[in-house]
Amino acid sequence: MADTIIKILVIVGLIFLAYKLIFSSSSGLTIFEMHFKDGKLSNHKGKIPERFERETRAIAKSNKLTCTIRAEKSGHVRLHVSANVGDNLTQQIRNQFPFEYYDKKQQDSSKLKG
């Protein structure tokens, strides 16, 4: 009886471990997240670049968007926009995002001295 229970627990543990490894969200560090409801910024977290926030609010207001916009960094920066936003509006939002601000390479100052 005890052997059966131990075997079942080991199998359940292995299945749980496999599930976590396969379906774990391997997303990177969230830089910021913006939530819009009916064109108004209802909630946000993180440091949002001023110009991007201003331009995105204008786009959301003019189109009465209800969506989430999130920027993640895992090696490089990715901008995620909710699926309920049309492709043309998603592209307008992406065009406003300052990718170059986040993709700056850090220079090694020790090699600059000469």
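As a basis for the values below, the full set of heavy atoms in this structure was taken, side chains included, without hydrogen atoms, waters or symmetry mates.
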Hey, mind stepping through E53 and L41 against side-chain contact (heavy atoms from CB on, under 4.5 Å) and telling me if it holds? CA-CA 10 Å; E53 181 180 1; L41 185 64; 3.7 Å; yes
Please evaluate residues V77 and F97 with respect to the criterion side-chain contact (heavy atoms from CB on, under 4.5 Å), reporting the C-alpha separation (whole Å), side-chain torsions for both, the decisive distance (0.1 Å), and the verdict. CA-CA 10 Å; V77 176; F97 188 72; 3.7 Å; yes
Quick one, I69 with H80, criterion side-chain contact (heavy atoms from CB on, under 4.5 Å). Give me CA distance, side-chain angles, the key distance, then yes/no. CA-CA 6 Å; I69 300 171; H80 300 278; over 6 Å; no
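In the displayed structure, R94 atom CZ is contacted under 6.0 Å by more than 12 heavy atoms of other residues, nucleotides or ligands. For H44, the NE2 atom sits in a loose shell: 12 or fewer heavy atoms of surrounding residues, nucleotides or ligands are nearer than 6.0 Å.
Using a 3.5 Å distance cut-off with no hydrogens or angles, the side chains of D87 and Q91 do not pair a donor with an acceptor.
Taking CZ of F32 as the reference point, atom CZ of R70 lies at 10.5 Å (rounded to 0.5 Å). Annotation: the span from M34 atom CE to S82 atom OG amounts to 11.5 Å, rounded to 0.5 Å. Of the inter-residue distances, the one linking T30 atom OG1 with K73 atom NZ reads 13.0 Å to the nearest 0.5 angstrom.
No path of Ile, Leu, Val, Met, Phe, Trp and Tyr side chains, each step under 4.5 Å between heavy atoms, connects L17 with L9, placing them in separate hydrophobic clusters.
Two residues are said to be in side-chain contact when any heavy atoms from C-beta on lie closer than 4.5 Å; L29 and E72 fail this criterion.
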Side-chain donor-acceptor contacts of residues 54-68 below 3.5 Å, not counting sequence neighbours, with atom names and distances?
| residue | atom | partner | partner atom | Å |
| --- | --- | --- | --- | --- |
| T56 | OG1 | F52 | O | 2.6 |
| S62 | OG | A58 | O | 3.2 |
| S62 | OG | I59 | O | 3.0 |
| N63 | ND2 | I59 | O | 2.9 |
| T66 | OG1 | D38 | N | 3.0 |
| T68 | OG1 | H35 | ND1 | 3.1 |

